[in-house]
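Quick caveat, the model's predicted, so the values are computed rather than measured. Protein chains get the first letters and strands the later ones, always in sequence-line order, with residue 1 at the start of each.
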Protein chains: 2
Amino acid sequence: MNRSSRPGKRSAYHHGDLKSALRSAAATLMAERGVDTVSLREIAQMAGVSHTAAYRHYADKEAVMADLAEAGFRELSATMGQVIAATRGGVTRKLQAAGGAYVRFGVEQPHLLQLMFGPAISDWQCYPALVEASDALYATLTDIIKSGQEKGKFRAGDPRDLALAAWSLVHGLALLICGRRVTGSDDALFVEHASQRVTALLIEGLTVK
Amino acid sequence: MNRSSRPGKRSAYHHGDLKSALRSAAATLMAERGVDTVSLREIAQMAGVSHTAAYRHYADKEAVMADLAEAGFRELSATMGQVIAATRGGVTRKLQAAGGAYVRFGVEQPHLLQLMFGPAISDWQCYPALVEASDALYATLTDIIKSGQEKGKFRAGDPRDLALAAWSLVHGLALLICGRRVTGSDDALFVEHASQRVTALLIEGLTVK
DNA sequence: GCCCAATGTTGACAGTGGAAACATGTCTTC
DNA sequence: GAAGACATGTTTCCACTGTCAACATTGGGC
């Protein structure tokens, strides 16, 4: 939309692009201190606007968080896709690498993971884009399982079942680690090793002997 | 008011046993509507006392929630213990049954699970009893793994690693289901079957061939 | 019978999400 | 160009929240 007399640079409206400013402010605060402790007023203040300005761009606070969560899902899907593509070797290796990326994502951004899977967003039906992003993540996993089945590497059966097992495993592990429920959660090396050992066990069960 | 000159029974102070009244009120409200949406004032009202009475028994709102979470851990540990004892057959069967119990617990009490593993309690170090209850759950799982290893059923290695894998799996599955992230989450039969199929895959990887 | 500590109440305060009314800058249409 | 129309941001207000301080009540130990 070219709405300005100034070419080259987008002319500032009142603020410029407040929506993305709000989004990044929210992301920053949320990453630092968690979902519950960040207020809409603080987000607005960080973006340099009044505390109700956000309502011109979001229905309510939850909508802001849903936006963040959606971005999280897309980022995670993209990261896993890259890792799968970049990992050399068979599907088995690729799957394990993808699992490792999932856990790493969760450990590096624990608050974001909590937002994506926690109760902060009460009714997902209100955010179709969010549902779609979450489904895309599931699809990424299902695809690699399918690919492994076609190559005769993974056992037969509904790929969604196998994908659900893989998802559950890495998801649970990430949450347990970033919830400090297992000793050594702080140690990055421990995390890497634990995620490898744990995923190896499941892959053993997935693989055709 | 409940006058307290009842003989034979412990005389009620002002309220009787306000702490447990608060606890059960909090549990009821939390189970219905989730952690975030329940207020301390509402809990107090349900218990029939003034909105600050809780501060004579709990340091703050978080302490009430920590109490609930601890009870949740103890209940879950106990349930799994019973299921393990009641299930006939080898350790493999017992482990799978325990996993099913874990998932069922989470699906039946999603808000409680969110409280136990979510960000509602910010600093666990403040609640040693809670940490202990959580560790006891981990220990329950580790024990059955150990027992399986001693019988030569499960592969060798640090039992805590194998237990972590099992825990991650059922934990992740429970959260994904009660977060409605997989289709069919509402169907109890689906949940039962999914949890069986998923745990069977991991057990395949755990078992010695 | 009296005092004290434990327990419960009242009232206040700062902070929150959100609605309504108002202000302001930009775009479209003459 | 001038004049609405409209999107955007502000001010003001409200109900509600968690928490603190001061006050009231009551039962058990002396």
Side-chain angles (χ1 to χ4, degrees), chain A residues 1-7 9-23 25-26 29-30 33-68 115 119-123 126-127, chain B residues 1-23 25-26 29-30 33-68 115 119-123 126:
Chain A
M1 313 172 223
N2 182 10
R3 48 171 39 142
S4 108
S5 50
R6 207 178 309 171
K9 193 151 190 182
R10 262 256 193 82
S11 115
Y13 213 126
H14 286 136
H15 173 100
D17 189 1
L18 181 55
K19 183 160 184 172
S20 70
L22 288 169
R23 192 166 19 216
L29 289 173
M30 213 266 304
R33 306 205 318 257
V35 191
D36 304 329
T37 53
V38 46
S39 74
L40 207 53
R41 294 169 114 99
E42 202 175 2
I43 293 170
Q45 188 182 3
M46 189 177 224
V49 291
S50 207
H51 73 279
T52 55
Y55 289 95
R56 301 294 155 184
H57 303 275
Y58 292 101
D60 51 10
K61 187 188 180 184
E62 201 175 277
V64 182
M65 293 309 169
D67 202 355
L68 258 50
L115 170 61
I121 294 150
S122 59
D123 189 8
C126 302
Y127 311 97
Chain B
M1 291 298 171
N2 185 7
R3 290 298 137 196
S4 55
S5 27
R6 298 270 296 280
K9 198 154 191 178
R10 255 262 200 82
S11 108
Y13 217 122
H14 287 136
H15 174 99
D17 189 359
L18 181 56
K19 183 160 185 173
S20 70
L22 288 169
R23 191 164 21 212
L29 290 173
M30 212 265 304
R33 307 203 318 258
V35 191
D36 304 328
T37 54
V38 46
S39 74
L40 209 52
R41 292 168 114 101
E42 204 176 359
I43 294 170
Q45 190 182 1
M46 189 176 225
V49 292
S50 206
H51 69 278
T52 55
Y55 287 94
R56 302 293 154 183
H57 301 274
Y58 291 101
D60 51 13
K61 187 187 179 183
E62 202 176 276
V64 181
M65 293 308 171
D67 202 355
L68 257 51
L115 169 61
I121 295 151
S122 60
D123 187 8
C126 301

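Looking only at side-chain heavy atoms (C-beta outward), A:Thr37 and A:Met30 stay at 4.5 Å or farther from each other. Between B:Val38 and B:Met65, some side-chain heavy-atom pair lies under the 4.5 Å cut-off. In this structure the side chain of B:Glu42 reaches within 4.5 angstrom of the side chain of B:Leu29, judged on heavy atoms. The closest side-chain heavy-atom distance from A:Lys61 to A:Ile43 is not below 4.5 Å. Residues A:Leu68 and A:Arg23 are in side-chain contact: their nearest non-hydrogen atoms beyond the backbone lie under 4.5 Å apart. Counting only heavy atoms from C-beta outward, the side chains of A:Leu115 and A:Ile121 approach each other to under 4.5 Å.
Of all the residues in residues 35-48 of chain A, not one reaches under 4.0 Å from DNA chain D with any non-hydrogen atom.
A donor N or O paired with an acceptor N or O is found under 3.5 Å between the base of C:dG18 and the side-chain atoms of A:His51. Between the side chain of A:Ser50 and the base of D:dT11, no donor-acceptor pair of N or O atoms lies under 3.5 Å.
Counting only heavy atoms from C-beta on, A:Asp60 has its side chain closest to C:dG18 among C:dG11, C:dG18, D:dT8. Minimum atom distance to the side chain of A:Thr52 is reached by C:dA20, of the listed C:dT7, C:dA20, D:dC20. Among the nucleotides C:dG18, D:dT10, C:dG8, the one closest to the side chain of A:Arg56 is D:dT10.
Here the C1' atom of nucleotide C:dA6 and the CG atom of B:Asp17 are 14 Å apart, to the nearest Å. Regarding A:His57, its NE2 atom lies at a distance of 18 Å from the C1' atom of C:dG17, rounded to whole Å. Between A:Leu18 atom CG and D:dA7 atom C1' there is a gap of 12 Å when expressed in whole angstrom units. Distance OH (B:Tyr58) to P (C:dT7): 13 Å, rounded to an integer number of Å. When the P atom of D:dT8 is taken as reference, atom NZ of A:Lys19 falls 10 Å away, rounded to whole Å. As rounded to whole Å, 7 Å separates atom P of D:dG18 from atom OH of B:Tyr55. If you measure from atom CG of A:Leu22 to atom C1' of D:dG9, you get 11 Å, rounded to the nearest angstrom.
In this structure A:Ser122 satisfies the side chain to side chain donor-acceptor pair (under 3.5 Å) test together with A:Glu62, sequence neighbours excluded.
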